[in-house]
Amino acid sequence: MTASGIYVYGIVGGSHALPPSAAGIGEPPAPVRLLPVEDLAVVVSATYPGLRARRRDLMAHQNLLLELAAAGPVLPMRFGMVAPDEATVLAGVAARRGEHAAVLERLDSRVEMNVKIMPVQDDLAALIRADPVVQRVREETRRRPGYEANVRLGQAVAEGLRRRAADAAALLPPQFAGIADDMCPGPDVEGCVLNASFLVPRREEGRFRRVAERFAADHPDRVELRVTGPLPCYSFVAPEPVPARV
């Protein structure tokens, strides 16, 4: 691997040890090491020219963060954070040392759980009965059938399914009260009516999943629900906590 800067995985407490199996990006995997910064340490490795989001490297990045998080809090970096040199990393972390320490304290013994909810395409008869907009467009299509009318009806049905799922999805976040410490809405995802991440105490992961599964079972005709996690707590860290290029 030819050096082309310092690849930054995350920030941990100064006493946080690397897992025995720690392996970095690249082929062969780059050795991972710690850069001490006062009572903190930055997890880094060498990188290589032309770094891009290959599955191999994405998984190496995430697996290392999860292994680190099993032994203590980790302030995770997004994939692809590369600093020009060690001096830049050390100066950037030292300048925000207090902020990083506070984030590590907040993330201690916590994981990120992501929930996505999509509309279910079943039980259209129930949708037509319950949605006045779909009913109106359907009646218009019956009175004036044709290609454009069918397109409008299809759009009305799709929007109705989305409204139905969104109404149900709005009921879920309050059910995580007392389980999750925080919620962070994610970016819009095509086909989803809810994309949100939750900061969950590690000991509550099972309870979080049971609530999600019960919610999905209560609304089988409205939503399809996917839970992903545990994940590094990306959504609860300020962007670019270390000066770097992506």
Side-chain angles (χ1 to χ4, degrees), residues 9-10 12 19 21-25 43 52-81 103-104 106-122 161-162 164-241 246:
Y9 299 88
V12 296
S21 58
I25 59 168
V43 185
R52 55 191 174 88
R54 295 182 179 90
R55 175 176 171 77
R56 175 197 69 201
D57 289 339
L58 288 168
M59 295 307 298
H61 180 100
Q62 178 159 309
N63 289 341
L64 176 58
L65 290 173
L66 290 174
E67 290 177 3
L68 285 165
V74 180
L75 193 161
M77 304 292 165
R78 298 280 182 180
F79 176 84
M81 302 297 287
V103 172
L104 286 173
R106 180 168 181 254
L107 300 183
D108 190 13
S109 301
R110 288 165 175 78
V111 296
E112 177 172 332
M113 303 294 290
N114 178 263
V115 175
K116 288 183 175 63
I117 293 182
M118 290 71 67
V120 165
Q121 308 294 320
D122 295 338
L161 291 171
R162 186 175 179 82
R164 186 172 70 173
D167 289 345
L171 303 174
L172 179 59
Q175 297 186 29
F176 291 132
I179 302 176
D181 292 337
D182 200 359
M183 182 186 88
C184 180
D188 290 342
V189 175
E190 185 176 358
C192 290
V193 298
L194 176 72
N195 174 28
S197 289
F198 297 83
L199 185 64
V200 179
R202 190 179 295 276
R203 67 178 182 280
E204 298 283 17
E205 180 188 337
R207 188 178 165 206
F208 183 93
R209 290 185 179 279
R210 288 193 293 276
V211 169
E213 290 167 359
R214 186 173 65 235
F215 174 83
D218 288 343
H219 303 278
D221 57 340
R222 291 173 173 252
V223 302
E224 177 185 344
L225 183 146
R226 294 178 189 167
V227 176
T228 305
L231 300 168
C233 301
Y234 295 119
S235 300
F236 302 95
V237 175
E240 299 184 28
V246 179

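Since the structure is predicted, the reported quantities are computational estimates derived from the model, not experimental observations.
A distance-only check finds a donor-acceptor pair linking the side chain of R110 to the backbone of D108 [under 3.5 Å]. Remark: side-chain polar atoms of R210 are not paired, donor with acceptor, to backbone N or O of E205 under 3.5 angstrom. Side chain of H219 to main chain of A169: no donor-acceptor pair is present (N/O by atom type, distance under 3.5 Å, no hydrogens or angles). Between the side chain of E112 and the backbone N or O of F236 there is no donor-acceptor pair closer than 3.5 Å. Here the side chain of N114 pairs no donor or acceptor atom with the backbone of F198 at under 3.5 angstrom.
Put simply, CE on M113 and CD1 on I179 are 10.5 Å apart, with the number rounded to the nearest 0.5 Å. Atoms CG and CG, on L172 and L194 in that order, are 6.5 Å from each other to the nearest 0.5 Å. Atom CG of L58 is separated from atom CZ of F79 by 5.0 Å, given to the nearest 0.5 angstrom. One finds the CZ atom of R106 at 7.5 Å from the CG atom of D181 (value rounded to the nearest 0.5 Å). Separation of atoms CG (L66) and CE (M59) is listed at 8.5 Å; rounding is to 0.5 Å. The distance from the CZ atom of R226 to the CD1 atom of I117 is 11.5 Å, given to the nearest 0.5 Å.
Counting only heavy atoms from C-beta outward, the side chains of F176 and M183 never approach each other to under 4.5 Å. At a threshold of 4.5 Å between non-hydrogen side-chain atoms, the residues L65 and V43 do not count as touching. Contact annotation: the side chain of C233 approaches that of L199 to within less than 4.5 Å [non-hydrogen atoms, C-beta and beyond]. Between L64 and I25 there is no side-chain heavy-atom pair separated by less than 4.5 Å. Using a 4.5 Å heavy-atom cutoff, the side chains of V120 and D221 are not in contact.
S235 and C184 get closest at one heavy-atom pair: O-SG, 3.6 Å. Between L75 and V237, the closest heavy-atom pair is CD2-CG1, 3.4 Å. Here the closest heavy-atom approach between residue R222 and residue A168 is recorded as CD-CB, 4.1 Å. Taking all atoms of both residues into account, the shortest heavy-atom contact from G178 to E204 is O-OE2, 4.4 Å. The two atoms that bring V227 and A212 nearest to each other are CG2-CB, 3.7 Å, heavy atoms only. Taking all atoms of both residues into account, the shortest heavy-atom contact from R162 to C192 is NH2-O, 3.1 Å.
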Quiz item: Are V223 and V193 close enough, and set up right, to give a side-chain contact (heavy atoms from CB on, under 4.5 Å), and what steps lead you there?
Solution: CA-CA 9 Å; V223 302; V193 298; 5.6 Å; no
Quiz prompt | Residue pair Q62, L231: steps toward the side-chain contact (heavy atoms from CB on, under 4.5 Å) verdict | solution = CA-CA 8 Å; Q62 178 159 309; L231 300 168; 3.9 Å; yes
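More than 12 heavy atoms of other residues, nucleotides or ligands shown are found within 6.0 angstrom of CZ on R54.
Checked by atom type, the side-chain pair N195/D188 shows no donor-acceptor distance below 3.5 Å.
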